[in-house]
Amino acid sequence: QLQLVESGGGLVQPGGSLRLSCAASGFTLGYYVIGWFRQAPGKEREGVSCISSNGRSTNYLDSVKGRFTISRDNAKNTVYLQMNSLEPEDTAVYYCAADRLTTVQAMCLQRRGVDYWGKGTLVTVSS
């Protein structure tokens, strides 16, 4: 069973924080570029943040720069997305994805399909 499982979503007030986790089972995340994507109802999926296999390179959507931070702990086979100063516009289902043969920028720009997708975790930002 090869899969990615997201967790950490929920309901939060504007200005609040959440930390999302993406845990892999059945394969080693350390070999993969990892991306966080989100999709709100009726909108296109967008790349939120991506990180290289060794964590050296990262990419962020302009609207989340300075608020979100992506990180990884390859020893735990887990990638994180720390989300601060959340806004209602951040409301979406957040997905993580893994792709070995790509770059951080190409992955976040969705230039090609990825090897693995999680099923998503819902983030709702509302007062």
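Here the structure is a predicted model, which means the values were calculated and not measured.
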Is a donor on one side and an acceptor on the other found under 3.5 Å between the side chain of Thr28 and the backbone of Tyr31?
no
Any chance you could measure Ser49, atom OG, to Gln82, atom CD, to the nearest 0.5 Å?
12.0 Å
Pair Glu6, Trp117 - check side chain to side chain contact (heavy atoms under 4.5 Å, CB included), show working.
CA-CA 10 Å; Glu6 304 95 335; Trp117 283 99; over 6 Å; no
Side-chain touch Pro14/Glu87, heavy atoms, less than 4.5 angstrom:
no
Grab the two heavy atoms, one from Leu4 and one from Ala98, that are nearest each other, plus how far apart they are.
CD1-N, 3.7 Å
Kindly determine whether Phe68 and Trp36 satisfy ring-ring contact (aromatic ring centres under 6.0 Å, His included), including the steps that lead there.
CA-CA 11 Å; Phe68 292 10; Trp36 284 99; 10.0 Å; no
Rounded distance (nearest 0.5 Å) linking atom CZ of Arg111 with atom CG of Asp99:
11.5 Å
Is Arg45 close to Gln110 at the side-chain level, that is, under 4.5 Å between some pair of heavy atoms?
yes
Would you say CZ of Arg100 has more than 12 non-hydrogen atoms from neighbouring residues, nucleotides or ligands within 6.0 angstrom?
no
Which atoms form the tightest heavy-atom contact between Leu18 and Gly8, and what is the distance?
CD2-O, 3.7 Å
Which pair of non-hydrogen atoms, one from Gly35 and one from Cys50, has the smallest distance, and what is that distance?
CA-SG, 3.6 Å
Please determine if Glu46 and Arg38 form a salt bridge, counting it only when a charged side-chain N lies under 4.0 Å from a carboxylate O.
yes
Minimum heavy-atom separation for Gly26 to Leu2, with atom names?
O-CG, 3.5 Å
Hey, what do you get for CG (Asn77) to CZ (Arg72), rounding to the nearest 0.5 Å?
9.0 Å
For a quick test of reading the model, state the closest non-hydrogen atom pair linking Phe37 to Gly47 and the distance between them.
CD2-CA, 3.4 Å
Does the side chain to side chain contact (heavy atoms under 4.5 Å, CB included) test come out yes or no for Met83 and Tyr94, once each step is laid out?
CA-CA 12 Å; Met83 305 186 296; Tyr94 284 70; 3.9 Å; yes
May I ask you to decide if Val79's main-chain N or O and Asn74's side chain share a donor-acceptor pair within less than 3.5 Å?
no
Do the side chain of Asp73 and the main chain of Thr78 share a donor and acceptor less than 3.5 angstrom apart?
no
Apply the side chain to side chain contact (heavy atoms under 4.5 Å, CB included) test between Ile51 and each candidate in Ile70, Val33, Asn59; give the one that qualifies.
Ile70
Let's go through Ser17 and Asn84 carefully: what are the C-alpha distance in whole Å and the side-chain angles of both, what is the deciding distance for side-chain hydrogen bond (donor to acceptor under 3.5 Å, both in side chains) to 0.1 Å, and is it a yes or a no?
CA-CA 4 Å; Ser17 297; Asn84 298 326; 2.9 Å; yes
Starting from Leu81, can I reach Met107 by hopping between I/L/V/M/F/W/Y residues whose side chains sit under 4.5 Å apart?
no
List the steps and the verdict of side chain to side chain contact (heavy atoms under 4.5 Å, CB included) for Leu20 and Tyr80.
CA-CA 6 Å; Leu20 305 183; Tyr80 305 96; over 6 Å; no
Single-linkage hydrophobic cluster, 4.5 Å side-chain cutoff, Val104 and Leu61 together
no
For a quick test of reading the model, state the closest non-hydrogen atom pair linking Ala40 to Ala92 and the distance between them.
N-CB, 3.9 Å
Kindly work out whether a path of hydrophobic side-chain contacts (I/L/V/M/F/W/Y, heavy atoms less than 4.5 Å apart) joins Val114 to Tyr95.
yes
Is the backbone of Leu109 close enough, under 3.5 Å, to the side chain of Gln105 for a donor and an acceptor to pair up by distance?
no
N/O donor-acceptor pairs under 3.5 Å from side chains in residues 120-127, not counting sequence neighbours:
{"residue": "Thr121", "atom": "OG1", "partner": "Gly9", "partner atom": "N", "Å": "3.1"}

Looking only at atom types and distance, does a side-chain atom of Arg67 sit under 3.5 Å from a main-chain N or O of Ser85, one as donor and one as acceptor?
yes
Checking the side chain of Ser52 only, and the main-chain atoms of Arg56 only, is there a donor and an acceptor separated by less than 3.5 Å?
yes
With side chains defined as the heavy atoms from C-beta onward, is the minimum distance between Lys119 and Val5 less than 4.5 Å?
no
Check whether Val48 and Leu29 end up in the same hydrophobic cluster, where Ile, Leu, Val, Met, Phe, Trp and Tyr are linked by side-chain heavy atoms less than 4.5 Å apart.
yes
May I ask you to decide if Glu89's main-chain N or O and Thr91's side chain share a donor-acceptor pair within less than 3.5 Å?
no
